[in-house]
Amino acid sequence: MIRTRFAPSPTGYLHIGGVRTALFCWLFARRHGGRFILRIDDTDQQRNVQESLAPILEGLKWLGIDWDEGPEVGGPFGPYYQSQRTALYEKAVEALLRDGFAYRDYATAEEVQAEREAAQAEKRDFVTSRRWMAETPEQQARFEAEGRQSVVRLKMPREGTLVIDDLIRGRVEFQWAREQDHVIQRADGSCLYHLANVVDDRAMEISHVIRAEEHLSNTPRQVFIAQSLGYELPAYAHLPFVAEPGSKVKLSKRKLDKYLKNRDFAKLLEHGQQIAQAIGLATPPEEFNPVVVDFYRQIGFTSEAMVNYLALLGWSLDDRTEHFRPSGLIEHFSLDRVNRAPASFDPVKLLAFQDAHMREVPLADKTVMVLPYLQKAGLVPAPAGADVEARVAQLLEAAGDRVKLAGDILDYADFFTADAELTYDEKALEKRVCKPVDAVELLTRFRSVLAQCEPFDPPTLDRALHEFVEAEAIKVGQIIHAIRVAVTGKGVGLGMFDTMAILGRESCLARIDRTLELVGNRPAG
RNA sequence: GGCCCCAUCGUCUAGCGGUCUAGGACUCCGGCCUUUCACGCCGGCAACACGGGUUCGAGUCCCGUUGGGGUCACCA
């Protein structure tokens, strides 16, 4: 039975790099009919674990990364919170101590630090001196008489080679002598990450440890713990990490300021902020930015696009296939097609995937996606009536692929604002209505055409305009831009006939009247 | 600095010794379409880090150099 796990610590948000790791673990388990386990790394015992965990669980659920065992669902190997498994770790420490694979160390932090600095000053490798190692009760008593406290350290081998057959990296060798006597238990009895990790992986029968490359150097000490405890080793697969946009440096939530200097990144954030602002969403920088998965959910990305993009960040099927549904990923995923080099996160390409996936969303579903944005922006009532929904669907259809994220619907807010409150883009008004000599005249005449047009739908409007153009002996371009500015306030927008039909006759006439009034009141020029 | 990992267009990647004058995608730049924008269509720019080997033949294997990155906690 294949069992993989993702072990996030409750930090309050789900990071792009982290979720990519989770995705690969999940994909691997699903591909092989195994189980995917979620285990919470809360060994540092924060106060509000549940609160800090919620966004992480929410993010995974949104992406469809479901777990077979873990928080909320339980499972036969629980509890799934490391803070509740301390007895297991303590037992492991005792066993290690008993069998001579670990020892009590009475050195103070300062003494260790001094040794480390001395080694550095002499340019030689630091190796734990074991000067304060106590292996007998007598030694312990002596150190304790000095008022010293002890931690437990691993008694690492001082010779030999460790060979790891990594499923992604292949054969990797380490010299045991380079390893330190790592601390596994603090003076207060609490245990450290690596010990807990190894113990839990074994207890939960994890078959494949799939994690980011940064853990590769930690593997020897974990192997030592596992072997000393008589465990069978899991298979290891170290994923390349997700790098900053346009760089090979690991993506980090701490370096937002730096990323904002990246044009694409800044643009995406700005786009997101505009949507957030319109719907009254608070945007604390540490939670609302393109390194955090929730950012994408909030502004209306589809989870399918996200998953598709993330999967291709380090994995590929072949030289041409790149659009996958989650089921396709599960069908084809394999660790031997995972790349070894880090992949940098490219917001522009993510957007391209989003664009492609959004086209696949049926109109009815898209309407459901988009409605909450209009409601939160106060543009349509909640709940929306059937007539509003129909109108939104009509708008969506006219907008086509211009609405790339659900939040993009807010680009068309003007369809929902009162005619009297429509604002006009000054430059567009000047260029399309004021400046052309006959624009006002034509607009006035076309207004009466609209007043008569029946039914008020795109084909009829199309016909009416063309007849008008012919009768006036002008070109379409001479009137259509003026109409656009008059009824939408902007120089760019959807197809003109769709636009007018969605607005309806009443709004079109009212808006044209407003425009004529606005322009008429200006000094000629 | 020690150890470890990595190295194909700007980015994601295909390539598992010959079919590579290196393929696809995103971006970018032209052009077409056109009522604006977006889309679409056509075309274009753009890469095997370097040096040695091995081989009849190397992007593909080996070694070295260079470059980049990760890691060296009583954090996870």
Side-chain angles (χ1 to χ4, degrees), chain A residues 7-11 41-44 82 105 107-109 112-113 116 119-120 123-126 149 151-153 164 166 168-170 172-175 177-180 182-188 190-194 196-197 212-220 238 240-241 243 245-250 264 309 312-323 336-337 339-353 355-356 359 399-404 411 428 432 462 465 469 475-485 488 490-497 499:
Chain A
S9 69
T11 50
D41 246 323
D42 56 348
T43 47
D44 56 348
Q82 293 195 313
D105 181 32
T108 64
V112 174
Q113 184 58 26
R116 197 170 263 129
Q120 200 169 7
K123 292 193 194 306
R124 60 174 163 80
D125 294 342
F126 168 69
Q149 289 194 312
V151 298
V152 177
R153 284 183 188 276
I164 294 166
D166 190 276
I168 292 169
R169 269 145 227 287
V172 183
E173 290 187 11
F174 294 92
Q175 297 306 313
R178 306 260 182 217
E179 290 293 318
Q180 302 306 311
H182 303 283
V183 173
I184 53 173
Q185 186 178 42
R186 299 184 183 92
D188 67 3
S190 62
C191 294
L192 274 80
Y193 170 78
H194 293 287
N197 222 3
E213 183 193 338
E214 63 213 69
H215 287 289
L216 187 55
S217 338
N218 296 328
T219 308
H238 286 93
F241 50 78
S247 144
K248 295 291 175 202
V249 181
K250 191 173 81 168
D264 301 329
Y309 175 71
L312 259 29
L313 220 47
W315 175 86
S316 66
L317 176 63
D318 54 29
D319 60 339
R320 53 195 68 254
T321 321
E322 57 173 4
H323 290 292
D336 42 65
R337 291 206 58 87
N339 220 63
R340 281 191 296 269
S344 77
F345 175 67
D346 181 0
V348 175
K349 189 143 186 175
L350 205 205
L351 210 55
F353 274 92
D355 189 7
R359 289 164 200 242
D401 48 38
R402 292 175 182 85
V403 175
K404 299 184 194 303
D411 289 345
R432 300 301 195 182
D462 191 334
L465 181 92
V469 161
K475 286 181 184 166
V476 170
Q478 286 175 264
I479 174 69
I480 206 158
H481 300 295
I483 302 172
R484 179 185 302 286
V485 175
T488 67
K490 292 177 182 154
V492 299
L494 311 180
M496 204 55 249
F497 309 115
T499 299

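Source: prediction; values computed, not measured.
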Who is the Watson-Crick or G-U wobble partner of B:rC50, with both distances under 3.5 Å?
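Looking at the geometry, B:rC50 pairs with B:rG64.
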Counting the atoms with a prime plus P, OP1 and OP2 as sugar-phosphate, which does [X] contact under 4.0 Å by heavy atoms, base, sugar-phosphate, or nothing?
X	answer
A:Gly314	sugar-phosphate
A:Glu173	sugar-phosphate
A:Arg169	sugar-phosphate
A:His238	nothing
A:Ala107	base
A:Val249	sugar-phosphate
A:Gly400	nothing
A:Lys490	nothing

Closest to side chain of A:Phe497, choosing from B:rC5, B:rU35, B:rA76
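Looking only at side-chain atoms, A:Phe497 lies closest to B:rU35.
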Expressed as a whole number of Å, how far does the [atom1] atom of [N] sit from that of [M]?
N	M	atom1	value
B:rA25	B:rG52	C1'	36 Å
B:rA58	B:rU8	C1'	14 Å
B:rA7	B:rC62	P	11 Å
B:rG15	B:rA47	C1'	13 Å
B:rU60	B:rC48	C1'	10 Å
B:rA14	B:rC9	C1'	13 Å
B:rU27	B:rC12	P	15 Å
B:rC37	B:rA46	C1'	29 Å

Rounded to whole Å, please give me the gap between [atom1] in [X] and [atom2] in [N].
X	N	atom1	atom2	result
A:Asp166	B:rG70	CG	C1'	14 Å
A:Glu213	B:rC6	CD	C1'	7 Å
A:Asp318	B:rA25	CG	P	13 Å
A:Lys250	B:rC6	NZ	P	17 Å
A:Tyr309	B:rU11	OH	P	12 Å
A:Lys248	B:rA7	NZ	P	10 Å
A:Asp42	B:rA76	CG	C1'	11 Å
A:Phe241	B:rC5	CZ	P	14 Å

With distance as the sole criterion, is a donor-acceptor pair present between the side chains of A:Arg186 and A:Ser190 under 3.5 Å?
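Checked: A:Arg186/A:Ser190 side chains pair up, N/O donor to acceptor below 3.5 Å.
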Rounded to the nearest 0.5 Å, what separation is found between the CD atom of A:Gln185 and the CG atom of A:Asp105?
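It is 13.0 Å, given to the nearest 0.5 Å.
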What distance do A:Arg432 atom CZ and A:Ile480 atom CD1 have between them, rounded to the nearest 0.5 Å?
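Reported value, rounded in 0.5 Å steps: 10.5 Å.
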Would you kindly compare A:Leu216 and A:Ala109 by the position of their nearest RNA chain B nucleotide and give the one closer to the 5′ end?
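Counting from the 5' end, the first nearest nucleotide belongs to A:Leu216.
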Judged by each residue's nearest nucleotide on RNA chain B, which is more toward the 5′ side, A:Asn339 or A:Arg432?
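The residue closer to the strand's 5' end, by nearest nucleotide, is A:Asn339.
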Please examine the side chains of A:His182 and A:His194, heavy atoms only from C-beta on, and report whether any two atoms are closer than 4.5 Å.
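No, every pair of side-chain atoms sits at 4.5 Å or beyond.
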Would you indicate, yes or no, if [N] has its OP1 or OP2 atom less than 4.0 angstrom from a side-chain nitrogen or oxygen of [X]?
X	N	answer
A:Thr43	B:rA76	yes
A:Arg186	B:rC75	yes
A:Arg178	B:rG1	no

Flag, side chain of [X] to backbone of [Y], donor-acceptor distance under 3.5 Å:
X	Y	answer
A:Arg169	A:His238	yes
A:Gln180	A:Phe126	yes
A:Arg337	A:Ser316	yes

Regarding [N], can its base be found pairing with the side chain of [X] as donor and acceptor, where the two atoms are less than 3.5 Å apart?
X	N	value
A:His194	B:rA76	yes
A:Lys404	B:rA38	no
A:Arg340	B:rC6	no

